[in-house]
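Below is one structure; the comments refer to it alone.
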Protein chains: 4
Amino acid sequence: MTREPAYRQLARTLRNALVQGRYRDGVRLPTEAELADEYKVSRQTVRRAFHDLVADGLVHRVRGRGTFATHATAVTCASSARSTT
Amino acid sequence: MTREPAYRQLARTLRNALVQGRYRDGVRLPTEAELADEYKVSRQTVRRAFHDLVADGLVHRVRGRGTFATHATAVTCASSARSTT
Amino acid sequence: MTREPAYRQLARTLRNALVQGRYRDGVRLPTEAELADEYKVSRQTVRRAFHDLVADGLVHRVRGRGTFATHATAVTCASSARSTT
Amino acid sequence: MTREPAYRQLARTLRNALVQGRYRDGVRLPTEAELADEYKVSRQTVRRAFHDLVADGLVHRVRGRGTFATHATAVTCASSARSTT
DNA sequence: GTGGTCTAGACCACT
DNA sequence: GTGGTCTAGACCACT
C-alpha cells in the first residue's frame with residue numbers, strides 16, 4: 001500500500017500553485033531552505049519535488065540564483081504524461 | 001598654488017551630505033563604482049575620499065558589504081581637527 | 001603592509017590546533033557552518049582556510065560527510081613547501 | 001555522474017590555448033572581467049580556473065597588473081601531478 | 001584598472 | 001545535513 005512519498009506530495013502542492021498562476025512568468029520561487037522550513041521536510045525532499053517540476057517544464061533552476069517559474073507556453077508532452085501519475 | 005586634489009573635493013561634498021543628515025544612521029552609501037561614475041573620477045579617488053571620511057569617523061566600511069554612515073554621536077576629536085583643513 | 005587575510009588567520013588557528021594534536025587521527029572537525037558561525041566569517045572564508053589545510057596535508061574532506069584530521073605520517077613534500085611561507 | 005564544473009571546463013579551454021602556444025612567453029592574458037564576460041560566468045569562476053592554471057605552472061598572476069603566460073621551461077613536479085587528474 | 005578578499009545566499013552532489 | 005559550485009556585487013591592495 002506504499003503511500004505517496006513526501007516529495008510527490010510537495011510536488012503536487014507546488015504544481016497546483018504554479019498551474020493556478022501564482023509565481024507568474026519568471027518569478028522566483030521560495031528557496032529550498034524556505035520550503036523545507038515551511039513544509040517541515042528535508043531539503044532533499046524539496047529538491048526531489050523541484051526535480052519533478054523541472055521535468056514537468058514548470059520551473060527552471062539557475063545555480064547560485066534560484067528557482068523560477070517557466071512561462072506556461074513551454075509546457076511539453078512530458079509534463080502531461082507525468083501529471084497523470 | 002597646488003589646487004585641491006579631486007579626492008578632497010569629493011570628500012568635502014560627501015562630508016557635507018553626511019553632516020546635513022543625508023544617509024542617516026547605518027544607511028549604506030553609494031558604492032565606489034557608483035560614485036566614480038557619478039563624479040567622473042577613478043575609483044582610487046573615491047577610495048581616498050572615503051579614507052578621509054573614515055578617519056573623520058563619519059562612515060565605516062565593511063568588506064564585501066559596503067560603506068555605511070556612522071551615528072553622529074561617534075564623532076571624535078580627530079574628525080574636528082581634520083575638518084578644519 | 002598587506003595585513004593577513006581572515007582566511008589565513010583562521011587557517012593558522014586551525015593548523016595550530018591540528019599540529020598540537022587536537023582532532024587526533026581521523027576525527028571529524030567542526031563543519032563549515034559551525035566555524036563560520038564561531039569565527040564570524042562567511043562560509044567561503046572557512047572554505048579558503050580549509051583549502052590551505054588540505055594543501056598542507058593536515059586534513060581531508062569528504063563531500064556529504066565532513067572534514068577529517070589526516071594522520072601525521074601522511075605529510076608530503078607539498079605540505080613542507082607550503083609551511084615555509 | 002558529477003559533471004565537470006564550469007571552472008574546470010574553462011581551465012581546460014585556457015590550458016589548451018596555452019599549451020598550443022598562444023600567449024607565448026610573458027604575454028598578458030585577458031582579464032578576469034573579460035573572460036567572465038566572454039564565457040558568461042562570474043568572476044569567481046574565472047578565478048577558480050586561473051587558480052588551477054597557476055597550480056599547473058602555466059600562468060602567474062600579478063596584482064594590479066594581470067595574468068601572464070609562464071615560460072614552458074618552468075614546469076614543476078606539482079604541475080605534472082596535477083595534469084594526470 | 002588589475003587581481004585579492006570577502007559577503008550573503010542560492011542550487012548541486014553525495015551520504 | 002555535509003561539503004562543492006556558483007552568482008552578484010561589495011571593498012582592498014597594488015600599479
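Per chain, numbering begins at 1; letters A, B, ... match sequence-line order. As a basis for the values below, the full set of heavy atoms in this structure was taken, side chains included, without hydrogen atoms, waters or symmetry mates.
- Contact of the A:E32 side chain with the A:R61 side chain is registered, since non-hydrogen atoms from C-beta on lie closer than 4.5 Å.
- Distance C:R63 CZ to F:dT5 C1': 8 Å, rounded to the nearest Å.
- Note on D:T67: only backbone sugar-phosphate atoms sit closer than 4.0 angstrom, heavy atoms only; bases stay farther off.
- Here F:dG3 sits opposite E:dC12 as a Watson-Crick or G-U wobble pair (both hydrogen-bonding atom distances under 3.5 Å).
- Residues C:Y7 and C:S42 are not in side-chain contact: their nearest non-hydrogen atoms beyond the backbone lie 4.5 Å or more apart.
- The shortest distance between the side-chain N/O atoms of C:T45 and the OP1/OP2 oxygens of E:dT7 is below 4.0 Å.
- Atom C1' of nucleotide E:dG3 and atom CZ of D:R48 are separated by 15 Å, given to the nearest angstrom.
- Considering A:L58, A:L10, A:V59 in turn, A:L58 is the only one that fulfils the side-chain contact (heavy atoms from CB on, under 4.5 Å) rule with A:R15.
- Counting to the nearest Å, the P atom of E:dT2 and the NE2 atom of D:H60 are 17 Å from each other.
- Separating the CG atom of D:L10 from the P atom of F:dT7 is a distance of 11 Å, rounded to the nearest angstrom.
- Looking at which nucleotide of DNA chain F each of A:Q44 and B:G64 is closest to, the 5′-most match is held by A:Q44.
- Going from atom CZ of B:F50 over to atom C1' of F:dA10 covers 11 Å, rounded to whole Å.
- Using a 4.0 Å heavy-atom cutoff across all strands shown, C:R61 reaches sugar-phosphate atoms only and no base atom.
- In this model, a side-chain donor or acceptor of C:R43 finds a partner on the base of F:dG4 within 3.5 Å.
- Cluster annotation: B:V54 and B:L14 are assigned to the same hydrophobic cluster (Ile/Leu/Val/Met/Phe/Trp/Tyr, side-chain heavy-atom contacts under 4.5 Å, transitive).
- Counting to the nearest Å, the C1' atom of F:dT5 and the NE2 atom of D:H51 are 15 Å from each other.
- Per the geometry, CD belonging to C:E32 stands 17 Å off P belonging to E:dA10, to the nearest Å.
- At a threshold of 4.5 Å between side-chain heavy atoms, the hydrophobic network of Ile, Leu, Val, Met, Phe, Trp and Tyr places D:V27 and D:L18 in one connected group.
- Within the nucleic acid shown, D:Y7 comes within 4.0 Å of sugar-phosphate atoms alone, with no base atom in reach, counting heavy atoms only.
- Contact annotation for A:A33: no contact, since no heavy-atom pair falls under 4.0 Å across all strands.
- One cannot find a donor-acceptor pair under 3.5 Å joining the base of E:dG1 and the side-chain atoms of D:R65.
- Each of C:A6 and D:L29 has a nearest nucleotide on DNA chain E; the 5'-most of these lies closest to D:L29.
- Note: CZ (D:F68) to P (F:dC14) measures 17 Å, nearest angstrom.
- Judged by closest nucleotide on DNA chain F, C:R47 is the one of C:R47 and D:S42 placed further toward the 5' end.
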